[in-house]
There are 2 protein chains.
Amino acid sequence: MDDEAHLEPAAPLRADARRNHDALVAAAAEVFADLGVDVPTKAIADKAGVGVGTVYRRFPKRSDLVVAVFRHEVERCAAAAQDLAARYPPFEALARWIDCFLDLVVTKRGLAAALQSEAPAYADLRGFFEDRLVPPLQGLMAAALGERSADISGQEMWRAIALLCAPATSDDFARTRRMVALLINGLRVDGADSPRTESIDS
Amino acid sequence: MDDEAHLEPAAPLRADARRNHDALVAAAAEVFADLGVDVPTKAIADKAGVGVGTVYRRFPKRSDLVVAVFRHEVERCAAAAQDLAARYPPFEALARWIDCFLDLVVTKRGLAAALQSEAPAYADLRGFFEDRLVPPLQGLMAAALGERSADISGQEMWRAIALLCAPATSDDFARTRRMVALLINGLRVDGADSPRTESIDS
DNA sequence: ATATATACGGAACGATGTTCCGTTTAGAAA
DNA sequence: TTTCTAAACGGAACATCGTTCCGTATATAT
């Protein structure tokens, strides 16, 4: 959240710092793709040709680096919602958008898992994704479900989808997709399928 | 898988070893409840009053200890399937059984997450749970869905449920339950809700 | 009582995350 | 151009944790 052209200058980086920043993002992108986002910091530092201290100075938390690497893709996914809503019937637009999210997350090794991590280093990652992706999802859900307000919020639906993706790699895209499809399916009918409130008495 | 009364003797443990084994299971049960199943080995060793070496000698993999602690509960959950199937209409029996599983997993801090771990130390944990729980689930699903064979296998359904539980603690039982309910809901209608096969063209 | 296989404890090792600090350097000022 | 200093650097140092190893202790058979 501190790169790219922004509003407040707040002290521009020195030339070497800027270089290292860029080199780190590039190196991280490569290494994340090869080894996953949970790769040792040293590997990123080596790839970028800097010391680990520099990694931590520019990107104090791992999530900062992850966000820097994937920001554009996340925002592209968020933006796709409008197009899809305009082009397809509501429910299909929703399904297609979710597919779009799956593509994003499933092709980045360890990203979906990191999204679930409670480690301090990943603390802001979920927030970043939710800020960008939940609103579009919520919009699509509202359109698809109509006034019959969802049994589940956009936030919760997002969480559920992200959870189902957690172990996913490109290999088991199909499996993940089946599980998520089941979830979407569940939206089609009015909820309240589970009437029991007492506990099991076995 | 190496405790309790078994078939082959295969060298009975020495008295002190037996004592330590039992102390470790007891200590682990306590510590797991307090700190979660991913607690440092040292904490378990200290609680049991033994050295870490002893922990690893008796329980080479963390999953061995986890299984020893939760085996009974898992088997009770597995056994509940029959009772439920006899007592309730098929779909309600399924829903209730899943609730039973949620209770089991959600009240054990970190257990659901460990179920997803790919670390060698947890390698056999998923297998243990699946061996005991997938068959009952499959039975209940078959009864509920009838000949219209599920769009999703018992194995995959179990996996999906377990994934949705991953971050769950007693606190967010309700949230987890809503997500799982949505999943169950998805079973009610014939699948194939997502007709698209081409990619998004935005 | 003795012998020995069994078991014990915890030091040692390796991997990683994160911080700290002595050294280097970009870039402004003289 | 030279000088000066804040900014930045690199990597050693520290902390944590999993796992292994081995010298010591002991249960138990003889």
Side-chain angles (χ1 to χ4, degrees), chain A residues 2-3 9-28 31-32 34-66 109-110 113-114 117-125, chain B residues 2-3 9-28 31-32 34-66 109-110 113-114 117-125:
Chain A
D2 61 359
D3 58 342
L13 287 180
R14 224 169 69 173
D16 52 351
R18 176 87 232 166
R19 251 195 324 275
N20 284 334
H21 174 106
D22 296 344
L24 278 169
V25 174
V31 178
F32 286 174
D34 290 347
L35 291 331
V37 303
D38 59 343
V39 75
T41 307
K42 183 80 170 17
I44 304 169
D46 288 351
K47 189 79 160 189
V50 305
V52 285
T54 299
V55 180
Y56 280 97
R57 195 173 318 103
R58 294 286 143 247
F59 303 92
K61 286 170 297 173
R62 173 60 58 99
S63 60
D64 297 330
L65 203 37
V66 177
R109 195 183 312 196
S117 171
E118 286 166 23
Y122 289 103
D124 301 334
L125 191 59
Chain B
D2 62 358
D3 58 342
L13 288 179
R14 227 169 68 173
D16 52 351
R18 177 86 230 167
R19 252 195 322 275
N20 284 334
H21 173 107
D22 296 345
L24 277 169
V25 174
V31 178
F32 286 174
D34 290 347
L35 290 330
V37 303
D38 59 344
V39 74
T41 309
K42 183 79 169 19
I44 304 169
D46 289 351
K47 189 78 159 190
V50 305
V52 284
T54 299
V55 180
Y56 281 96
R57 195 171 318 103
R58 296 283 143 250
F59 302 93
K61 285 170 298 173
R62 173 60 57 97
S63 60
D64 296 332
L65 204 37
V66 177
R109 194 183 313 195
S117 170
E118 285 166 22
Y122 289 102
D124 300 336
L125 192 59

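This is a predicted model, so every value here is computed, not measured.
- Legend: residues meeting side chain to side chain contact (heavy atoms under 4.5 Å, CB included) with Ala27(B), ordered by chain and number and at least two apart, are Lys47(B), Ala48(B).
- At dC9(D), one or more side-chain N or O atoms of Asn20(A) fall inside 4.0 Å of OP1 or OP2 (strictly under the cut-off).
- Ala121(B) pairs by the side chain to side chain contact (heavy atoms under 4.5 Å, CB included) definition with Arg62(B), not counting sequence neighbours.
- In the region residues 43-51 of chain A, proximity to DNA chain D at under 4.0 angstrom, judged on heavy atoms, holds for Gly49(A), Val50(A), Gly51(A).
- Arg58(B) has its CZ atom 17 Å from the C1' atom of dT19(D), to the nearest Å.
- With sequence neighbours left out, Ser117(B) forms a side chain to side chain contact (heavy atoms under 4.5 Å, CB included) with Ala119(B), Tyr122(B).
- Note: Arg58(A) CZ to Asp22(A) CG = 10.5 Å, rounded to the nearest 0.5 Å.
- Protein atom NE2 of His21(A) is 12 Å distant from nucleotide atom P of dC9(D), rounded to whole Å.
- Applying the salt bridge (Lys or Arg N to Asp or Glu O under 4.0 Å) test to residues at least two apart or on different chains, the pairs with a partner in residues 36-45 of chain B are Lys42(B)-Asp46(B).
- Whole-Å rounding puts the Asp64(B) CG to dT19(D) C1' distance at 14 Å.
- A donor-acceptor contact shorter than 3.5 Å is absent between the side chain of Asn20(B) and the backbone of Ala17(B).
- Rounded to whole angstrom, the span from the CG atom of Leu65(B) across to the P atom of dG18(D) amounts to 12 Å.
- Taken from OG1 in Thr54(A) to CZ in Arg57(A), the straight-line distance is 4.5 Å, to the nearest 0.5 Å.
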TODO: Going 5' to 3' through nucleotides 14-26 of chain C, assign each nucleotide B (protein heavy atom under 4.0 Å from a base atom), S (under 4.0 Å only from sugar-phosphate atoms) or - (no protein heavy atom that close).
DONE: --SSBB-----BS

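- Atom NE2 in His21(B) sits 9.0 Å away from atom CG in Leu65(B) (nearest 0.5 Å).
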